[in-house]
Amino acid sequence: MTAPRIAREHRGPTGGRNSASQDSLDAASDALQSLYAHLDPHAQAEQFLEQVCKHAVDLIADADMAGITIGGSDSTFRTVAATHQLVRTVDSIQFRLDYGPSVTSSRTGTVVRAHASEAHSRWPQFASAAKAVGAVSFLSMPLPGRDRPLGTLNLYSHDLRGFTGADVALLQLFAVTSSYALHSSQRLDIARKHAMDLERALESRGVIEQAKGIIMGTHRVDADRAFRILIQDSQRSNVKLRVIAQQYIDSAVDQHDYKGRHGDPKSLEN
């Protein structure tokens with residue numbers, strides 16, 4: 001996907017600023033339509049988020065780099081999409097120091113915008129380290145979640161003057177799109193996990209039923225008593241019930257194979 005560029009021409013002698021603003025919104029609308037058209041719920045979310053970041057940099061004139069970070073349940077952060085390796089470098093500085101625009105935005109759920117001097121005032125150690133790799137101004141937008149932000153969409157600029165209110169408005173559109181992609185990805189991951197859990201449960205049930213049948217035939221007991229024997233063996237050996245059941249099956253198969261090769265010892269005695 002190739003993102004449309006912001007049109008720079010003016011439409012009329014008096015409506016220059018409004019025309020440029022309208023051009024930006026039109027370009028953003030086209031970019032979002034392109035993103036949604038290519039959104040594949042079965043693909044990796046990171047691939048889609050990479051495209052979001054690329055479009056944001058193309059459409060927002062003050063942005064030189066963009067990235068998306070997400071927060072984990074253990075209060076740690078990681079970068080899941082970036083337009084340049086330097087984004088990951090700047091993010092890693094924030095994560096190590098545990099402060100900076102992205103970290104602040106994610107924890108407060110607010111938009112964080114800082115030009116060069118503001119960044120040095122708010123996060124001096126981070127700002128100095130980020131400046132060394134070329135990032136001096138920052139804009140971080142929280143990605144809406146249920147109880148807390150899922151993460152942040154972040155812009156980085158080489159320009160000392162930083163970002164404008166119009167940049168914030170445009171980035172909001174991309175933040176909503178990013179949040180939607182992350183929610184879809186999480187729902188798909190949950191569905192996949194449930195499917196795998198169900199598959200394992202059905203497989204375990206089949207193994208346990210086979211083991212119960214073996215015990216019933218060997219010990220001449222009913223199904224309930226056979227199941228209690230399995231549970232007792234599991235508790236006594238501190239081994240999962242499915243593993244105990246599989247051991248019964250393996251033992252029965254080994255005995256069957258032995259008889260197949262050497263004959264039944266009882267029949268040989270007769």
Side-chain angles (χ1 to χ4, degrees), residues 3-8 15-36 49-71 77 79-84 86-87 90-91 94 99-123 126-127 130-131 134-145 148-183:
R5 304 293 300 185
I6 297 177
R8 299 297 182 187
R17 180 171 297 180
N18 290 335
S19 297
S21 177
Q22 184 60 49
D23 287 338
S24 298
L25 292 175
D26 289 345
S29 177
D30 290 342
L32 292 174
Q33 289 177 12
S34 175
L35 285 167
Y36 280 118
L49 296 176
E50 292 276 358
Q51 294 299 319
V52 172
C53 291
K54 290 177 182 177
H55 279 304
V57 170
D58 282 343
L59 287 167
I60 298 176
D62 297 317
D64 293 296
M65 301 179 292
I68 292 175
T69 63
I70 60 174
F77 301 92
T79 304
V80 296
T83 58
H84 195 283
L86 287 179
V87 170
V90 174
D91 286 348
Q94 292 190 72
Y99 81 154
S102 174
V103 173
T104 301
S105 178
S106 182
R107 287 179 174 163
T108 63
T110 59
V111 177
V112 173
R113 175 166 52 127
H115 55 64
S117 61
E118 289 174 333
H120 273 281
S121 175
R122 298 180 68 175
W123 318 287
F126 161 75
K131 182 180 180 180
V136 296
S137 296
F138 311 92
L139 173 58
S140 291
M141 178 80 63
L143 304 179
R148 58 186 177 84
L150 298 172
T152 56
L153 173 55
N154 312 297
L155 298 183
Y156 307 86
S157 178
H158 307 319
D159 192 329
L160 298 175
R161 296 170 298 179
F163 297 93
T164 67
D167 295 334
V168 174
L170 281 174
L171 192 62
Q172 178 67 48
L173 300 176
F174 290 103
V176 172
T177 304
S178 301
S179 179
Y180 172 77
L182 285 172
H183 276 298

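Predicted model, so just to flag it, every value in this text is computed and none were measured.
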Trainee: Are His120 and Lys131 close enough that some pair of their side-chain heavy atoms sits under 4.5 Å apart?
Mentor: yes
Trainee: Quick one: do Asn154 and Thr69 satisfy side-chain contact (heavy atoms from CB on, under 4.5 Å)? Show the steps, please.
Mentor: CA-CA 8 Å; Asn154 312 297; Thr69 63; 3.6 Å; yes
Trainee: May I ask you to test the Asp64-Tyr156 pair for a side-chain heavy-atom distance under 4.5 Å?
Mentor: no
Trainee: With sequence neighbours excluded, what pairs up with Arg122 under the side-chain contact (heavy atoms from CB on, under 4.5 Å) test?
Mentor: Thr104, Val112
Trainee: Looking at residues at least two apart in the chain, or sitting in another chain, which of them share a side-chain contact (heavy atoms from CB on, under 4.5 Å) with Ala66?
Mentor: Cys53, Val57, Thr83, Leu155
Trainee: Is the shortest side-chain heavy-atom distance between Phe174 and Leu59 below 4.5 Å?
Mentor: yes
Trainee: Would you call Thr152 and Met141 a side-chain contact if the rule is heavy atoms closer than 4.5 Å?
Mentor: no
Trainee: Where the side chain of His158 meets the backbone of Gly134, is there a donor-acceptor pair that is under 3.5 Å apart?
Mentor: yes
Trainee: Looking only at non-hydrogen atoms, find the nearest pair between Ser140 and Pro142 and report the distance.
Mentor: O-CD, 4.1 Å
Trainee: Who pairs with Asp167 by side-chain contact (heavy atoms from CB on, under 4.5 Å), at least two apart in sequence or on another chain?
Mentor: Ile60, Asp62, Leu139, Phe163, Thr164
Trainee: Is the ring pair Trp123/Phe138 parallel, tilted or perpendicular, if the boundaries are 30 and 60 degrees?
Mentor: perpendicular
Trainee: Verify whether one side chain among Ser137 and Asp159 offers a donor that lies under 3.5 Å from an acceptor in the other.
Mentor: no
Trainee: Does any non-hydrogen side-chain atom of Leu49 lie less than 4.5 Å from one of Leu153?
Mentor: no
Trainee: Is any side-chain heavy atom of His115 less than 4.5 Å from a side-chain heavy atom of Arg161?
Mentor: no
Trainee: Within a strict 4.5 Å, meaning less than it, do heavy atoms of the Phe77 and Ser106 side chains meet?
Mentor: yes
Trainee: Can you find a pair of side-chain heavy atoms, one from Pro101 and one from Gln94, that are under 4.5 Å apart?
Mentor: yes
Trainee: Distance from Ile68 atom CD1 to Ser102 atom OG, nearest 0.5 Å?
Mentor: 10.5 Å
